[in-house]
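Just so you know, residue 1 is the first one in the sequence shown, and it goes up from there.
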Amino acid sequence: MQTNFTLAQLADPATKSSEKILRTCVHCGFCTATCPTYVLLGDELDSPRGRIYLIKDMLEGAKAASAEVVKHVDRCLSCLSCMTTCPSGVHYMHLVDHARTHIENTYRRPLSDRLLRSVLAFVLPYPNRFRLALLGAKLGSPFRPLVARLPRVGNRLAAMLDLAPAQLPNRNPTDRPGTFPADLAAQEISALIQGGENAAPVTRRGRVALLRGCAQSVLRPDFNEAAIRLLTRHGVEVVQAKNEGCCGALTHHMGKEHSAHGFAKRAIDAWMAEIEGEGLDAIVVTASGCGTTIKDYGFMFRDDPAYAEKAARVSALAKDVTEYVASIGLLPPVEDTDLVVAYHSACSMQHGQGIRTEPKTLLKKAGFTVKDVPEGHLCCGSAGTYNILQPEIANRLRDRKVANIERMQPDLIATGNIGCVTQIGKGTGIPILHTVELLDWATGGPRPEALERLPRREAEALPIAAE
């Protein structure tokens, strides 16, 4: 693609990066076949190629964002399926992130839009505020029909009420800063089984930081609890750093660059204190949407003299929990886990981080029968705050995803992102769990509560000593 940016424009690092991305595009259109919004709407401007044209025109002409550009960029899920498909390596993620920041800085949205986005940015990244908001949503749910009829914003407020859980989980004792020591006893038993009397002495296998996160710590604190059990059982010490907070992903994808960078810097500082203290082998993340953003910190702060090096170090250490467990090896299962699992690969997992085989391989090693979901490359419609800001498109994508899953008749659904769990869970009665919950259960953890609806096996456990 030819571009005509001036030298003055290219002096801006963000514009220079976007110009390079634009020049990579060869107009082939392969991306249109895998773009969820184009598949649904059939509008070229709701495809990556169409948005690239709109963004190029806006940035090249140094124009303020127009209502037309905003409409089509807002409809982008940032699922990044186009990046997986693109034969030319167009880094669409960085381009659309730049476009969103430009929109935020140059376009004055209608008052209702501004208020809603401000509320989301004020509430979601802060666990205590989010918890209070969910309590308010529970009180407001009887008034949903009236709320839905409000002009301009009613559909989105109704979507917020629909997504709120019927019962808010209790605060979890593991959701705190602190250190969780490696369980060397479990490692000793495993070593004796595999190596007998000649087994090597057992020592700690690693030390990792675990992202506590924001929304997930309120909605599903049991995800990280399962991760802590799984990791410590595998001989890994887990630390949850002080003053970590939100990773910045939520506001980053809303174009609120200043807010996102503030959150990211706080997280970087918290993890650097651990890196420079006792050291870290990895920064483990159980929410793949957060993981994609953290792995991009190096790019986000590439021109920041105070944070460039630190951000790059953090990004290099970031690992999805399944990515890390696959690297150290999964203990043999001790539970009869002969269940059929439909594995839903979150967009941020398969497209954002390129992690496609590790979760499925681990589930198979844990004894599950794993099935891929048809049209697995298409988004479920969650996409951060997308299912609130674009509820009609999000619901259509959810219904399509659920139909594909239910056609397979699985016992349960596994995925690696809190947004997908919430979104898909609202459309089906099939239990949906985080992959780490299943791996924890299979290797000696408690049976996940979501599986209580399934019939129990006659043999609850297979004793390790019998192996």
Side-chain angles (χ1 to χ4, degrees), residues 12-18 78 91 93-94 96-105 117-118 120-130 175-178 207-218 224 238-320 348 352-353 384-385 418:
D12 172 57
T15 302
K16 183 178 180 180
S17 173
S18 291
S78 278
H91 206 302
M93 180 176 80
H94 291 159
V96 79
D97 285 346
H98 182 195
R100 289 195 170 111
T101 300
H102 186 81
I103 288 169
E104 185 71 11
N105 293 336
R117 287 169 174 268
S118 295
L120 292 175
F122 181 77
V123 171
L124 292 181
Y126 301 93
N128 289 334
R129 297 177 192 177
F130 186 38
D175 183 27
R176 58 173 174 79
R207 184 175 190 268
V208 303
L210 180 67
L211 171 71
R212 289 172 64 201
C214 47
Q216 178 178 282
S217 68
V218 176
N224 269 9
V238 179
V239 59
Q240 293 186 142
K242 295 179 181 178
N243 303 317
E244 169 205 273
C246 174
C247 70
L250 285 167
T251 51
H252 178 64
H253 293 306
M254 294 170 69
K256 297 181 181 294
E257 185 179 56
H258 180 74
S259 168
H261 283 207
F263 284 124
K265 286 180 178 180
R266 179 177 172 178
I268 290 168
D269 288 339
W271 289 323
M272 284 302 300
E274 297 295 337
I275 292 169
E276 294 173 347
E278 295 186 45
L280 292 176
D281 298 298
I283 296 168
V284 175
V285 186
T286 55
S288 61
C290 299
T292 300
T293 297
I294 294 168
K295 287 183 177 183
D296 202 44
Y297 279 176
F299 177 83
M300 289 169 62
F301 293 100
R302 65 198 183 283
D303 297 309
D304 187 321
Y307 277 86
E309 183 179 351
K310 293 189 290 185
R313 289 184 70 183
V314 166
S315 289
L317 286 173
K319 302 284 184 185
D320 182 77
S348 46
Q353 299 184 53
T385 58
I418 177 61

Tell me whether [X] contacts the main-chain N or O of [Y] through its side chain, where contact means a donor paired with an acceptor under 3.5 Å.
X      : Y      : result
Thr292 : Ser348 : yes
Asn243 : Arg266 : no
Arg212 : Ser217 : no
Asp281 : Val208 : no
Ser315 : Tyr297 : yes

Please report the closest heavy-atom contact between [X] and [Y], naming both atoms and the distance.
X      : Y      : answer
Pro13  : Arg302 : O-NH2, 3.6 Å
Ser78  : His253 : OG-ND1, 4.5 Å
Pro177 : Lys242 : CB-CG, 3.9 Å
Ala121 : Pro125 : O-CD, 3.3 Å
Arg117 : Lys256 : O-CE, 3.9 Å
Cys246 : Ala267 : O-CB, 4.4 Å

Taking the side chain as everything from C-beta on, heavy atoms only, tell me whether [X] gets closer than 4.5 Å to [Y].
X      : Y      : result
His94  : Asp296 : yes
Val284 : Val238 : no
Ile268 : Arg313 : no
Asn224 : Leu210 : yes
His261 : Asp304 : no
Met254 : Glu104 : no
Val314 : Phe301 : no
Arg129 : Leu124 : no

Can you tell me how far [atom2] of [Y] sits from [atom1] of [X], rounded to the nearest 0.5 angstrom?
X      : Y      : atom1 : atom2 : answer
Asp303 : Ser17  : CG    : OG    : 9.0 Å
Ile294 : Cys247 : CD1   : SG    : 4.5 Å
Leu250 : Leu120 : CG    : CG    : 9.0 Å
Lys310 : Lys265 : NZ    : NZ    : 9.0 Å
Thr293 : Phe263 : OG1   : CZ    : 12.5 Å
Asp175 : Gln216 : CG    : CD    : 10.0 Å

